[in-house]
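To start, the structure itself, in structure tokens.
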Amino acid sequence: MKLMSSFLLLATLMTIQPSFAQSVIDLKEEGKQFLGLSNKYLKTISEGQGITYSFERPQYVERVLISAIGEQRDFSFVKVYADGDEVGTLGVPGKDPDYPIIIRGNVSSLTLKAQNNSRVKILDFKIFTERKEYSSYNSVPRTQRAKYSMSDWGGKILDIALEIEYLRRVDSKISMEDVKKHVLPAKKVAFKLQAADNVRDARSLNTKEKALELVGAINSALDLFQLDAFLLDSRYDMIILDLNTIKQDIGEKYDINVD
């Protein structure tokens, strides 16, 4: 992972540290406590400026919800980082200010950073730390799945990656090398899809290329779970079924070969 130190060198970077664990951390409220902020918003950031929230120790984060308004005529762009890895990009107009970003993993710090020629008022930044239980993709009605976008499928892959990580802790069949080779690539692609899909200018997206990239990552994960040791273990049945179903649904929607 990239080091967060490069961001901390920014003169305009604001860092906030918590003193206790919460299921929902609201940085606007934390700012009042730790920084004495009295604004109705958190901070206005321009190109190169940012906001960082650092945990005292690695903390599970389910998602973050960022409220922001662009302060210019064109779109303003803000990137979201978890421990230095990009997990989302906000394309912020002058309205429609709420942006959910899925994390579903343990992180030490979260950062927002304004991009080129952007100026954004960050109204609020909420961090949700309560883990959502795994919900099977196949439990979603077929009619609803047909409406999924690439970011929806990316979110489900993050669900699956988290479930695999929990199984790894109790099952010696999955090694850390297996995770690095077969699971982390899919997780990184899922983050990239989320980053792209949150940019509201659809002209910037090449959905078919992103669909192919996600299918490739799913196939890599399935290579691991085709081993007899996993096929004979019922704990992996739903994961294998969900990965295959997501792959087929993506292929059908974007008319691509998924085999």
Side-chain angles (χ1 to χ4, degrees), residues 1-8 21 52-64 79-88 101-111 127-138 150-151 153-196 210 212-247 250 258:
M1 286 191 175
K2 303 171 185 175
L3 295 175
M4 288 302 300
S5 58
S6 59
F7 297 110
L8 298 176
T52 289
Y53 185 84
S54 298
F55 296 96
E56 292 176 350
R57 61 186 64 85
Q59 165 73 51
Y60 176 80
V61 174
E62 171 67 24
R63 63 189 176 95
V64 299
K79 289 189 180 295
V80 184
Y81 300 89
D83 290 344
D85 288 334
E86 183 182 343
V87 296
I101 301 289
I102 297 169
I103 304 295
R104 291 183 189 144
N106 293 324
V107 300
S108 297
S109 59
L110 296 164
T111 292
I127 303 168
F128 297 82
T129 60
E130 185 174 350
R131 179 178 181 253
K132 188 184 79 171
E133 292 301 316
Y134 182 70
S135 175
S136 170
Y137 178 75
N138 278 272
M150 291 308 299
S151 64
W153 281 309
K156 296 306 295 184
I157 293 300
L158 292 176
D159 280 346
I160 291 171
L162 180 62
E163 188 67 13
I164 292 170
E165 177 59 27
Y166 274 83
L167 286 171
R168 186 186 71 82
R169 297 178 185 178
V170 297
D171 187 1
S172 60
K173 288 196 297 293
I174 305 179
S175 68
M176 197 61 218
E177 287 304 311
D178 290 332
V179 171
K180 289 179 180 178
K181 182 178 179 180
H182 297 282
V183 181
L184 286 183
K187 190 172 182 179
K188 288 181 178 180
V189 171
F191 278 139
K192 284 173 61 179
L193 293 174
Q194 178 172 247
K210 296 182 190 310
L212 285 168
E213 189 174 7
L214 183 57
V215 166
I218 291 172
N219 282 332
S220 177
L222 285 170
D223 285 343
L224 172 64
F225 295 114
Q226 294 310 305
L227 299 176
D228 289 347
F230 295 106
L231 292 173
L232 295 172
D233 189 332
S234 61
R235 290 176 296 180
Y236 296 92
D237 288 352
M238 195 54 65
I239 288 174
I240 295 170
L241 178 60
D242 283 350
L243 286 170
N244 276 299
T245 307
I246 290 171
K247 183 176 74 169
I250 292 172
V258 297

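The model shown is predicted, which means the values in this text are computed figures rather than measured ones. Positions are given from 1, in the same order as the sequence printed here.
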With no hydrogens and no angle check, do the side chains of S109 and T52 hold a donor and an acceptor under 3.5 Å apart? no
Between F191 and E86, is there a side-chain heavy-atom distance shorter than 4.5 Å? no
For Y60, side chain to side chain contact (heavy atoms under 4.5 Å, CB included) partners two or more places apart: E62, R104, N106, R131, L162
Could you give all pairs that pass the side chain to side chain donor-acceptor pair (under 3.5 Å) test and reach residues 234-246, with sequence neighbours left out? Y134-D242, S136-D242, N138-D242, N138-T245, D171-R235, D171-Y236, D233-R235
Neighbour count above 12 (heavy atom, 6.0 Å) for K181 NZ: no
Please determine if E165 and R168 form a salt bridge, counting it only when a charged side-chain N lies under 4.0 Å from a carboxylate O. yes
Can you sort out the partners of R57 under side chain to side chain contact (heavy atoms under 4.5 Å, CB included), two or more places apart, ordered by chain and number? none
Tell me, do I246 and I160 make a side-chain contact under 4.5 Å, heavy atoms counted? yes
So side chain to side chain donor-acceptor pair (under 3.5 Å) across residues 214-231, not counting sequence neighbours, yields N219-K247
A217: partners by side chain to side chain contact (heavy atoms under 4.5 Å, CB included), with sequence neighbours left out: A186, V189
Determine whether a donor-acceptor pair (N or O, by modelled atom type, separation under 3.5 Å) exists between the side chain of K156 and the backbone of S135. yes
With rounding to the nearest 0.5 Å, note down the distance linking CD1 in I239 to CD in E163. 5.5 Å
Heavy-atom check, side chain of Y137 versus side chain of L243, under 4.5 Å: no
